[in-house]
Protein chains: 2
Amino acid sequence: MQRSVSIKDVANLAEVAVGTVSNVLNNPDRVSNRTKEKVLRAIDELGFVRNDAARQLRAGHSRTIGVVVLDVGNPFFTAIARAAEDAAEAHGSAVLLGDSGQDSARESHYIDLFQEQAVQGLLISPVGNILDRIDNLRERGIPTVLVDRRADESRYSSVSVDDDAGGYLAARHLLDLGRRRLAFVGGPLHLAQVAERLAGARRAIDNTPGATLEVLDSGAQSVLAGRRIGDSLAARDKAGIPDGIFCANDLLALGVMQSITMMNGLAIPDDVALIGYDDIDFAASAVVPLSSIRQPTEAIGRSAIQLLMADLGNPGHKHQAITFTPELVIRRSTAGPAAPAEQHTEAPALSN
Amino acid sequence: MQRSVSIKDVANLAEVAVGTVSNVLNNPDRVSNRTKEKVLRAIDELGFVRNDAARQLRAGHSRTIGVVVLDVGNPFFTAIARAAEDAAEAHGSAVLLGDSGQDSARESHYIDLFQEQAVQGLLISPVGNILDRIDNLRERGIPTVLVDRRADESRYSSVSVDDDAGGYLAARHLLDLGRRRLAFVGGPLHLAQVAERLAGARRAIDNTPGATLEVLDSGAQSVLAGRRIGDSLAARDKAGIPDGIFCANDLLALGVMQSITMMNGLAIPDDVALIGYDDIDFAASAVVPLSSIRQPTEAIGRSAIQLLMADLGNPGHKHQAITFTPELVIRRSTAGPAAPAEQHTEAPALSN
DNA sequence: TTCAATCTTTGAAACGATTCATTGTTACGT
DNA sequence: ACGTAACAATGAATCGTTTCAAAGATTGAA
């Protein structure tokens with residue numbers, strides 16, 4: 001490995017000072033055209049690439065934004081990440097993606113990494129309790145925006161969707177269909193998203209005499225975890241099987257659907273109505289098209305970057321907690337036996 | 001924004017020299033236990049986080065590996081990325097993920113970024129022709145492994161799956177069902193994966209008298225693009241509709257499936273047999289469970305990191321092109337009308 | 001021609017970690 | 001008690017940029 005070409009080599013070849021080369025790179029308008037040209041020619045000739053480590057060391061920050069998501073395997077999060085990427089690019093920043101996999105050690109690992117790399121800022125959909133960590137990051141000049149988790153807006157910026165309302169919508173919908181023995185599938189239960197969706201569902205149940213809600217902890221939030229829950233349900237005798245199931249995300253719902261429809265004579269929605277959460281692309285093309293609670297991923301990603309940029313431009317500024325409202329998307333998995341309808345309202349609503 | 005805590009502050013508090021602090025971090029066995037403890041306590045107390053820019057500047061390299069994937073929205077790639085992440089972690093490196101979104105400008109952008117960040121190495125599933133770029137990176141000490149694209153093994157390391165064989169398998173399977181008017185859906189057609197899968201399919205067709213293959217360029221490789229193609233197919237009169245469709249990936253296939261089964265009286269597999277590619281998790285839970293060509297994502301990600309590590313340990317070493325063999329997974333979308341079978345062979349095969 | 005104002009260019013001083021030749025300590029065999 | 005080897009700790013030099021005060025060049029007005 002050869003020694004790399006430095007700004008000094010360029011300066012030598014172009015017969016100017018190193019500061020001038022730096023200016024050509026960073027403040028082109030301060031340099032005369034003649035000089036600029038000479039320098040650019042030299043850069044080209046030597047194949048010079050700026051050493052970002054050195055630049056960062058001096059400048060104190062990089063041009064990248066770190067994004068830590070809960071689960072890259074979940075299309076909901078990659079959709080957000082993509083939107084963030086596009087928005088960041090428009091601001092001249094690049095996005096680096098880390099996957100915590102719902103593991104708080106891994107999450108912490110990525111935060112360390114991004115801090116070491118001195119990213120401009122951080123977007124994070126948190127697993128563990130990291131509010132203290134965020135305070136600390138801010139003190140060190142790294143503003144952070146919470147994604148998919150609301151936090152006290154006097155101290156933190158966040159972009160979230162009202163999970164309690166979403167949970168309520170889902171359960172209410174099942175109850176409106178006449179279902180009374182409901183089950184909630186999700187986990188780990190201490191995850192804020194899961195807990196709030198459950199709380200919302202419980203609220204709907206409590207309003208409805210005779211309705212019950214069984215909570216099934218799936219441990220994880222994957223298709224596989226859903227399949228495991230589905231298997232355990234299918235093994236029960238008919239009377240013990242709920243007539244409506246609300247899953248904390250679509251992956252779980254698809255897993256439950258797979259095992260319920262395959263292993264057993266159970267029909268969706270006739271025997272069991274099923275609703276998921278997130279409305280990922282695959283929900284519409286499931287064995288039985290899946291009803292779901294839609295969250296505006298594009299808007300989430302974009303707003304998160306906006307909040308971050310606001311923070312960057314003006315460190316002491318007021319934080320903001322943006323909350324979107326989720327909407328119910330009804331498909332066959334919760335439709336009456338005969339109705340194949342695909343229906344939903346458009347236009348995500350923005351509140352606060 | 002306050003000045004950040006440096007190694008010097010730690011040294012002061014622990015009452016040792018800066019070199020010692022550095023040693024605690026990088027060569028713990030050269031430091032006595034008593035000192036190590038003092039230093040660690042100081043680090044903890046100050047909340048010190050090493051500035052990676054400075055470290056990199058001096059050390060010449062970082063502890064991160066860049067991964068550029070074609071499409072984070074495709075579970076196939078995120079599965080590979082995850083496997084790579086796990087493998088890298090085992091070697092003490094972290095993975096940073098970039099999404100080229102099948103856009104070669106964006107790809108180039110990420111390569112620049114990772115080069116500036118002086119990553120240890122790069123994994124990339126290329127959009128454009130970047131072999132020259134890779135030579136250049138190698139000269140600068142950044143080894144690169146091509147993922148999901150085979151390259152001349154005398155000059156490049158690569159991990160791929162035999163797309164031509166996969167294409168052949170898929171088309172052969174449709175032909176074996178008695179289908180003759182086939183369509184290939186994929187795009188952009190200049191993407192190597194797409195072109196090779198098409199070539200493989202064509203090979204099968206050419207062996208079969210009376211069989212035809214229509215090529216439908218989908219432009220992109222998403223559920224949406226598939227839905228568009230499906231819509232245009234459904235609009236044809238019955239005679240013009242192919243009786244077998246091979247999609248270059250599962251997202252496209254799911255999109256085609258959605259629009260074909262919804263918009264029109266067409267039944268899968270009776271009227272149209274449908275097969276996808278990649279065997280993502282969602283294929284099994286589709287409206288009609290989707291037949292597909294499975295690629296061993298876990299093995300791909302893991303091997304790619306292995307090749308990279310081999311290159312890192314020994315720069316002048318011989319490159320290797322690993323090629324996996326894809327396998328056919330038959331589900332209902334290509335089964336006889338009555339047969340609901342889910343069947344596939346196990347154990348991914350490794351050749352070369 | 002001179003002076004001031006403006007525009008360019010210069011080059012040394014950071015930034016914060018790692019490295020490594022030195023110096024200081026300890027332990028042990030004789 | 002002495003010499004020596006092994007071990008620990010030191011701190012100045014270094015990596016490649018950016019920054020910025022200062023010097024130098026150019027211009028136009030008087």
S.K.: Please state how far atom CG in B:Leu57 lies from atom C1' in D:dT17, giving the value in whole angstrom units.
M.R.: 8 Å

S.K.: Out of curiosity, B:Asp311 CG to B:Ile142 CD1, how far, rounded to the nearest 0.5 Å?
M.R.: 12.0 Å

S.K.: Got a list of side-chain donor-acceptor pairs under 3.5 Å for residues 34-49 of chain B, not counting sequence neighbours?
M.R.:
from	atom 1	to	atom 2	distance (Å)
B:Thr35	OG1	B:Ser32	OG	2.8
B:Lys36	NZ	B:Pro28	O	3.2

S.K.: Rounded to the nearest 0.5 Å, what separates atom CG in B:Leu308 from atom CG in B:Leu122?
M.R.: 8.5 Å

S.K.: Restricting to side chain to side chain contact (heavy atoms under 4.5 Å, CB included), what partner residues turn up for B:Ala79, sequence neighbours left out?
M.R.: B:Thr297

S.K.: Scan side-chain atoms only and decide if A:Thr64 and A:Ser62 contain a donor-acceptor pair under the 3.5 Å cut-off.
M.R.: yes

S.K.: For A:Arg55, check salt bridge (Lys or Arg N to Asp or Glu O under 4.0 Å) against everything at least two apart and list the hits.
M.R.: A:Asp52

S.K.: Any protein N or O atoms within reach of nucleotides 22-25 of chain D? Criterion: under 3.5 Å, listing atom names and distances.
M.R.:
none

S.K.: Give the rounded distance in Å between these two atoms: CZ of A:Arg63 and P of D:dT18.
M.R.: 12 Å

S.K.: Using five base pairs at each end to define the local axes, how bent is the helix from C:dT1-D:dA30 to C:dT30-D:dA1, to the nearest 10°?
M.R.: 40°

S.K.: In whole angstroms, how far is the C1' atom of D:dA12 from the CZ atom of B:Arg58?
M.R.: 11 Å

S.K.: In whole angstroms, how far is the P atom of D:dC15 from the CG atom of A:Asp9?
M.R.: 11 Å

S.K.: Within residues 10-17 of chain A, find the residues that approach DNA chain C with a heavy atom at under 4.0 Å, and present them sorted by residue number.
M.R.: A:Val16, A:Ala17

S.K.: If I take atom NZ in residue B:Lys8 and atom C1' in nucleotide C:dT18, what distance separates them, rounded to the nearest angstrom?
M.R.: 15 Å

S.K.: If you restrict it to nitrogen or oxygen atoms, what contacts under 3.5 Å exist between nucleotides 26-28 of chain D and the protein, and what is each distance?
M.R.:
none

S.K.: Strictly by salt bridge (Lys or Arg N to Asp or Glu O under 4.0 Å), give each pair with a member in residues 59-86 of chain B just once, sequence neighbours left out.
M.R.: A:Asp71-B:Arg82, A:Arg82-B:Asp71, A:Asp99-B:Arg82, A:Arg106-B:Glu85, A:Arg106-B:Asp86

S.K.: How many Å lie between CZ on B:Arg34 and C1' on C:dT26, as a whole number?
M.R.: 13 Å

S.K.: Figure out the CD1/C1' separation between B:Ile7 and C:dG16, and round it to whole Å.
M.R.: 8 Å

S.K.: Measure from CG on A:Asn33 to C1' on C:dT9 and round the result to the nearest Å.
M.R.: 15 Å

S.K.: Out of curiosity, B:His190 NE2 to B:Asn129 CG, how far, rounded to the nearest 0.5 Å?
M.R.: 12.0 Å

S.K.: Residues in side chain to side chain contact (heavy atoms under 4.5 Å, CB included) with A:Ala81, at least two apart?
M.R.: A:Leu97

S.K.: Check B:Phe114 against B:Leu96 and note the closest heavy-atom contact, atom names and distance.
M.R.: CZ-O, 3.6 Å

S.K.: Can you pull out every salt bridge (Lys or Arg N to Asp or Glu O under 4.0 Å) where at least one residue sits in residues 125-137 of chain A? Sequence neighbours excluded, please.
M.R.: A:Asp112-A:Arg133, A:Asp135-A:Arg138, A:Asp135-A:Arg155

S.K.: Looking at residues 19-32 of chain B, who's got a heavy atom less than 4.0 Å off DNA chain C?
M.R.: B:Gly19, B:Ser22, B:Asn26

S.K.: Under a 4.0 Å heavy-atom cut-off, which of residues 40-51 of chain A touch DNA chain C?
M.R.: none

